[in-house]
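Letters A, B, ... are given to chains in the order of the sequence lines, protein chains preceding strands, and every chain is numbered from 1.
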Number of protein chains: 2
Amino acid sequence: MQALFSQDARTIADRLGDALVTAIVKGDIASGSKISEPDLAQAYRVSRGPLREALRRLEGLHLVSRVPHAGARVVTLGLEELVEIYHIREALEGMAARLAAANMREEERRALTQLLDLHEENIEQSQGREYFQREGDFDFHYRIIQASGNQRLIDLLCSELYHLIRMYRYRSARMTARPAVALAEHRQIAAAIAHGDGEFAEMLMRKHISTARRNIERQFRAAGE
Amino acid sequence: MQALFSQDARTIADRLGDALVTAIVKGDIASGSKISEPDLAQAYRVSRGPLREALRRLEGLHLVSRVPHAGARVVTLGLEELVEIYHIREALEGMAARLAAANMREEERRALTQLLDLHEENIEQSQGREYFQREGDFDFHYRIIQASGNQRLIDLLCSELYHLIRMYRYRSARMTARPAVALAEHRQIAAAIAHGDGEFAEMLMRKHISTARRNIERQFRAAGE
DNA sequence: AGAGCCTAAATTGTCAACAATCTATTAAAT
DNA sequence: ATTTAATAGATTGTTGACAATTTAGGCTCT
């Protein structure tokens, strides 16, 4: 019965993979930069074997792109790809909201509202401190997705698609710049879910995400490209 | 400028990955079976290094599940997971059909109809020869997805989600058992796309996939579990 | 007889050296 | 002077051996 809760039930490649994901998402490893296997291996004090396995996983997450015999680069997310992802989010999170309205327990619905109360406080008193700007929105969507009950959908959105979105948010300092508007939309969605109105929740979620997509498009054009 | 079109511009791990995907999908490697790295490596005449990298990719495709220090197993697709995937297909391929109706060129619309003519021939004269039963349906959906123009959506459906569906089709000998019905639905979808009616195409596609899902549920219950 | 522990074999995870490929620099030729 | 080709360096891909962990078998004890 090895260690009760062993310090590494997981393998080096797995932990390294997680570490690299957050490093890329947070920008510690610059987007677009080339990845040198010897350098990275030394930086994380691991061998190239586990590193290559971890990179294979990141490739599957579309966080790095590999060219055989030429090496791996951190992806650069352009407007094009971001818009594509938001269109997919629109379809999938709309579906998640509908399912959440059908499946959420009373306790979860209350917790969802309380989460938004917390967000409101943070918006007021700190004018959007970084963390809540970035991860708070994610928390809200995350809970709804979780409540969908569709495990494959959960994996798809939370473990395979959201990294790129978080990556974008860490790069664009103040993304929406309108946390109050987003909060109001969140409240509407939460209300629809609270009432068990799945159709309406789906509609509101789709509109919410499509609005966010348009903001991104506007922001990109304003930024020159 | 190495070989003009070199026999292996790709790496061993990449080719091996593809080989393993098809082997699993076609059932050459039994679903649920444990994967022995030494055995598999010897069977494919490769070393364990590339094999492990390939397995990492298959893990990302949800074709194998790994347990640290315990090994990898080929996934067994239960009704639960299959239904989840079909719900996701409903949302995503509905969206793909809508986009295809907006984006398809005249030539592609004709080709789509011709493809269905070909399917009709094969259904009549061969009473559903295996290949067309299995891959023909895929071809139809494949073209519509491709025409969506959303590269991320294309990857998601064609490279990350469809393997499991094909795997199911290879296992259940005669799946729908109603190729004629499916063909009729395909014709309706193609017609809607031909007329550029995206909303209707989406609706029909969703209904088509939801019908397929119910057939699978019925079939599973009939099969005992 | 059955449960639990211990030992041993097999398997997975990791590492470091070797081979193959690409990139950059330098030299040569037009 | 610019382009092309060749060479050297660095980097990626691959291999086989080593270490750590798990599983199966047998033994002991209750």
Side-chain angles (χ1 to χ4, degrees), chain A residues 1-21 23-24 29-30 32-76, chain B residues 1-21 23-24 29-30 32-76:
Chain A
M1 80 289 281
Q2 78 293 11
L4 263 55
F5 51 104
S6 62
Q7 70 269 24
D8 57 358
R10 298 189 306 163
T11 182
I12 289 185
D14 292 330
R15 280 176 299 167
L16 178 61
D18 289 352
L20 289 179
V21 167
I24 289 176
I29 301 179
S33 65
K34 186 173 183 323
I35 290 179
S36 162
E37 290 184 5
D39 292 356
L40 245 194
Q42 195 175 10
Y44 283 84
R45 307 299 172 83
V46 296
S47 195
R48 278 182 55 214
L51 173 61
R52 284 177 63 86
E53 291 187 23
L55 287 179
R56 286 281 176 185
R57 181 171 141 217
L58 295 208
E59 187 187 10
L61 294 175
H62 294 88
L63 283 175
V64 307
S65 65
R66 274 173 152 277
V67 179
H69 299 281
R73 305 192 79 89
V74 180
V75 296
T76 62
Chain B
M1 79 290 283
Q2 77 294 12
L4 264 54
F5 51 104
S6 62
Q7 69 270 23
D8 56 357
R10 298 188 307 163
T11 183
I12 289 185
D14 292 330
R15 279 176 300 167
L16 178 59
D18 289 352
L20 289 178
V21 167
I24 289 176
I29 302 179
S33 66
K34 185 173 184 322
I35 290 179
S36 162
E37 291 184 5
D39 292 355
L40 245 194
Q42 196 175 10
Y44 283 85
R45 307 299 171 84
V46 296
S47 195
R48 279 182 55 215
L51 173 60
R52 284 177 64 84
E53 291 186 23
L55 286 178
R56 286 281 177 185
R57 181 172 140 219
L58 295 209
E59 187 186 11
L61 294 175
H62 294 88
L63 282 175
V64 307
S65 65
R66 275 173 151 275
V67 178
H69 298 280
R73 305 192 79 88
V74 181
V75 296
T76 63

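Contact check for B/L40 versus B/L20: side-chain heavy atoms found under the 4.5 Å cut-off. Side-chain contact between B/V75 and B/I24 is absent, with no heavy-atom pair separated by less than 4.5 Å.
Residue pairs that meet the salt bridge (charged side-chain N to carboxylate O under 4.0 Å, His left out) test with at least one member in residues 51-60 of chain A, sequence neighbours left out, are A/D18-A/R57, A/E37-A/R52, A/R52-B/E53, A/E53-B/R52, A/E53-B/R56, A/R56-A/E59, A/R56-B/D14, A/R56-B/E53.
Between the side chain of B/R73 and the backbone N or O of B/G32, at least one donor-acceptor pair lies under 3.5 Å.
Look at B/R10 and you won't find any side-chain N or O under 4.0 angstrom from OP1 or OP2 of D/dG13. Look at B/T11 and you won't find any side-chain N or O under 4.0 angstrom from OP1 or OP2 of D/dT12.
Atom NZ of B/K34 and atom P of D/dA24 are 10 Å apart (whole Å). Distance B/R56 CZ to C/dT12 C1': 11 Å, rounded to the nearest Å. As rounded to whole Å, 13 Å separates atom P of C/dA16 from atom CZ of A/R45. Spacing between atom CD of A/E53 and atom P of D/dT12 amounts to 17 Å, rounded to whole angstrom units. If you measure from atom CD1 of B/I12 to atom P of C/dT21, you get 10 Å, rounded to the nearest angstrom. One atom, CG of B/L51, and another, P of D/dT14, lie 12 Å apart when rounded to the nearest Å.
For A/H69, the listed nucleotide lying nearest its side chain is C/dT21; candidates were C/dT21, C/dC15, D/dT12. Minimum atom distance to the side chain of B/R52 is reached by C/dT12, of the listed D/dT12, C/dA16, C/dT12.
For C/dG13, its base sits under 3.5 Å from the side chain of B/R48 at one donor and acceptor pair at least.
B/I35 comes within 4.0 angstrom of sugar-phosphate atoms only, judged by non-hydrogen atoms across all strands, and of no base.
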